[in-house]
Amino acid sequence: MITSDLLSWFYAHRRDLPWRTSRTPYSTWISEAMLQQTRVTTVLDYYPRFLERFPDPKALAGAQEDLVLKTWEGLGYYSRARNLIKGAKYVCENFGGELPSEPDLLLQIPGIGPYMSGAIASLAFDKPVPAVDGNCIRIYCRLDALPLVPSEGSTYKEIHSRVLKDIPEDAPGDFNEALMDLGATVCTPKSPKCEACPLSDSCSAFLLGKQEDFPAKKQKKESPVEEHTILKIYLGDKILVRKRPSTGLLAGLYELIDLPGTMTNKQVKNWLLENFPSLAEVKDEPDIRPMGKSRHIFSHLRWEMLGYEIHLPVSGRKNQKDLSACACRLGEPVPPDEYDKLAFASALRAYR
Ligand code: ADE
């Protein structure tokens, strides 16, 4: 059982934080709302100012939304502030302006979810209920070497039931805050300080030497795949390039001719005849040389490319003029020295 080791450590090392000095259910609610998705150091300044302006649910319920948002300015995620006002109104209308002590009743209040309901019930009302957040899940996954994925609903349930077995009747709030402090200062996501951990003797992940393998990481979804055919088209010594649009993927960079799908040599030839009709009038065929496959992985997308180098047959001035006119509809033919200086999309590096 980890309970006594964790509590002894907490009483020796607990962080001195303003919301721990004089606690009311309301002040616990405000601090927990501020601490969701926001670092402790950021919250330090906001917490006393907010309580001074809105000292109880009644004051918050009757406050101008703009003043509340102004007081919240800089903390981010403003829906939390709007939810606090809604929640305060609910508390005034349904609970006579006082937060209830039962977790199930707390859960009815807008903006209060399972974690916050457990935190308020245990910290402010000494109810032996878990407050399961990411820290708590990480600590328990390591303790018991559980390869669970934090964001899955079944993980929350599993960890909740394990914490419930360990939480002491006589110090539930301290126990939950000890988990918060351990998670923030010792059992951190990366490079946990196991040498300073009061639970290392009981920690299966530590004993296996695999602390960072727990909890399990969410399997990344395979990125969608796009197939492209890349044509490096030469008109004499000039190369046909295009500038990509100023917004979106690879914005504003230069590229070669990029066609959707993977095209065979024959399909490329047909595309050339369609886009350079004057090719039909000369006896020489376009010289189409495969450049092989290439892949580029973006954060959210994968390109599978097939490249061709193409030399268009130039025979006579008229033919050259016709080809140039068609090329200019597709992009811009540039001489090699200029081509070398272009800001080029690195995804097409293999064909540059
Ligand atoms: N993070 C969330 N709640 C906290 C609390 N009460 N103390 C420290 N860090 C926290």
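Positions are given from 1 along the sequence. When a ligand or atom number is given, it counts from 1 through the structure's own listing order. Every value quoted in this text rests on a predicted model; they were computed, and no experiment measured them.
A donor-acceptor distance shorter than 3.5 angstrom exists from the side chain of Gln267 to the backbone of Thr264, with no hydrogens or angles considered. A donor-acceptor pair under 3.5 Å links the side-chain atoms of Tyr351 to the main chain of Ser294, judged by distance alone.
Salt-bridge check for Asp181 with Arg15: passed, with a basic side-chain N closer than 4.0 Å to an acidic carboxylate O.
Residues passing the ring pair (Phe, Tyr, Trp, His ring centres under 6.0 Å) test with Tyr339 are Phe344, sequence neighbours excluded. Legend: residues meeting side chain to side chain contact (heavy atoms under 4.5 Å, CB included) with Cys194, ordered by chain and number and at least two apart, are Pro192, Phe206, Gln211.
For ligand 1, the protein residues placed under 4.0 Å by at least one non-hydrogen atom are Arg15, Leu17, Trp19, Arg20, Glu32, Leu35, Val40, Tyr115, Glu177, Met180.
For residues 217-235, the pairs satisfying salt bridge (Lys or Arg N to Asp or Glu O under 4.0 Å) are Glu222-Arg302, with sequence neighbours left out.
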